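Structure first, then comments.
All figures in this text were calculated on a predicted structure; none of them were measured in a lab.
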Amino acid sequence: MTIRTFTKPLLYFMLVGISLLFLMPVYVMIVTSLKPLDQVTLTEMWKLPATLDFSSYSVAFTKLAPNLLNSFYLVIPATLLSALLGSMNGYILSKWKFKGADTVFTLILFGMFIPYQSILIPMIQFLREIGLYNTIAGLVFVHVVYGIPITTLMFRNFYASIPDEMIESAKIDGAGFIRIFRYIMIPLSITGFVVVAIWQFTNIWNEFLFAVTITTSSQQPIMVALQNLSGSQIVQWNVQMAGALLAALPTLLVYIFLGKFFVKGLLAGSVKG
């Protein structure tokens, strides 16, 4: 009997225990969402529902449906545009070096560390001036701009692993900037696009501060509408939990179906050569 014989089961036991601890809030959300309102109490929050009641899901979906569409109208173009711009920036800064490229890259990265709260007032004033305040297009614009630093960093690291000889060969054959990007870099960076898309989709979908300050009423995405489900007098916790699960479902599905590509893409740009 070796130490490894004892440590491996203990390690699995600890991992299972930590996983169960992490999933406890999810369990409470699911159980509460399946209960009628009269069974939702603090003392019985851990108990399974006596009878399954799916009416909270229909109520939550009816109230959140318009805002759910707003979130899709926001997150799809914002994710695609920020990924495309970030890939072009990463391509230029990694393969088309110019004087001051490292300084430009550092300045772009500086945008990652600017707190949202510090630019809210000038940002809202700017959006009013250009007519994008209280619009989905305004939210798309803000998330694209704020997403450029992180997407640039991801793509620059990814493109650094592509041999420079490939780019030089394409230049000798007469290919220019756009042609190399279109026919060489994009096909080689599909996993990079998946990583960036998952990252941006999750961040934009779950973002609350910009959504609640830039948009009002009918233009608000689902995360703001979810907060408004609480009501003013009585909080319908079963509807709240059902709404939270519906709001989280798109990001969960993204990670379930694309999670392996996310890990593969992160590792793809970790080593140059």
Side-chain angles (χ1 to χ4, degrees), residues 22 25-26 29 64 67-90 105 107-120 123-124 126-127 132 134-159 189-215 219-228 243-270:
F22 182 79
V26 180
M29 288 176 63
L64 296 177
N67 306 95
L68 179 63
L69 290 176
N70 287 342
S71 287
F72 281 113
Y73 296 150
L74 161 66
V75 74
I76 293 175
T79 299
L80 293 177
L81 287 173
S82 59
L84 180 61
L85 293 174
S87 66
M88 294 187 70
N89 288 342
F105 180 59
L107 292 175
I108 292 175
L109 291 187
F110 181 72
M112 294 173 54
F113 305 102
I114 300 177
Y116 290 178
Q117 297 86 347
S118 65
I119 51 92
L120 275 180
M123 180 187 67
I124 291 174
F126 175 74
L127 291 176
L132 291 180
N134 194 27
T135 63
I136 298 297
L139 268 181
V140 170
F141 175 76
V142 169
H143 283 293
V144 168
V145 172
Y146 244 98
I148 285 177
I150 185 63
T151 57
T152 299
L153 174 64
M154 288 181 172
F155 275 108
R156 183 179 182 271
N157 292 342
F158 186 87
Y159 289 149
S189 58
I190 298 301
T191 53
F193 273 97
V194 172
V195 171
V196 171
I198 293 175
W199 178 271
Q200 284 295 94
F201 183 94
T202 304
N203 285 340
I204 297 171
W205 186 275
N206 294 328
E207 198 278 326
F208 181 81
L209 181 60
F210 286 154
V212 78
T213 53
I214 294 175
T215 57
Q219 301 297 314
Q220 292 175 335
I222 192 170
M223 286 304 165
V224 181
L226 181 63
Q227 190 270 339
N228 296 334
L245 289 171
L246 291 174
L249 187 60
T251 52
L252 289 175
L253 292 176
V254 166
Y255 275 102
I256 289 172
F257 290 107
L258 299 176
K260 60 180 180 180
F261 300 105
F262 184 76
V263 176
K264 185 189 297 184
L266 286 177
L267 295 176
S270 60

Nearest non-hydrogen partners of Gly86 and Thr151, listed with the distance: CA-OG1, 3.4 Å

Are the side chains of Thr79 and Trp199 in touch, meaning some heavy atoms are under 4.5 Å apart? no

Can you find a pair of side-chain heavy atoms, one from Ile214 and one from Met123, that are under 4.5 Å apart? yes

Hey, does Leu245 have a side-chain heavy atom less than 4.5 Å from the side chain of Leu252? no

Fit a plane to each ring of Phe210 and Tyr146, take the angle between them on a 0 to 90° scale, and name the class: parallel (under 30°), tilted (30 to 60°) or perpendicular (over 60°). tilted

Nearest heavy-atom pair of Ala78 and Ile204: which atoms, and what distance? CB-CD1, 3.7 Å

Gln219 versus Asn70, closest heavy-atom pair with distance: C-ND2, 3.6 Å

Residue Trp205 excluded, over 12 heavy atoms near CH2 under 6.0 Å: yes

Euclidean distance, Asn89 CG relative to Met154 CE, rounded to 0.5 Å: 14.0 Å

Do Ser71 side-chain atoms and Ile222 backbone N/O form a donor-acceptor pair below 3.5 Å? yes

Does Leu109 form a side chain to side chain contact (heavy atoms under 4.5 Å, CB included) with Leu153? I'd like the steps, not just the answer. CA-CA 7 Å; Leu109 291 187; Leu153 174 64; 3.7 Å; yes

Minimum heavy-atom distance Leu139-Pro221, with the two atoms named: CD1-CD, 4.1 Å

List the atom of Phe72, the atom of Pro77, and the distance in Å for their closest heavy-atom pair. O-CD, 3.9 Å

Evaluate the side-chain proximity of Pro250 to Phe201: yes if any heavy-atom separation is below 4.5 Å, no if none is. yes

Is the closest side-chain heavy-atom distance between Val196 and Phe155 below 4.5 Å? yes

Give me the atom names and distance for the closest heavy-atom approach of Ser118 to Ile114. OG-CG2, 3.6 Å

Would you mind reporting whether Val212 and Gln227 have side-chain heavy atoms less than 4.5 Å apart? no

So Leu127 and Val142, do their side chains get closer than 4.5 Å, heavy atoms only? yes

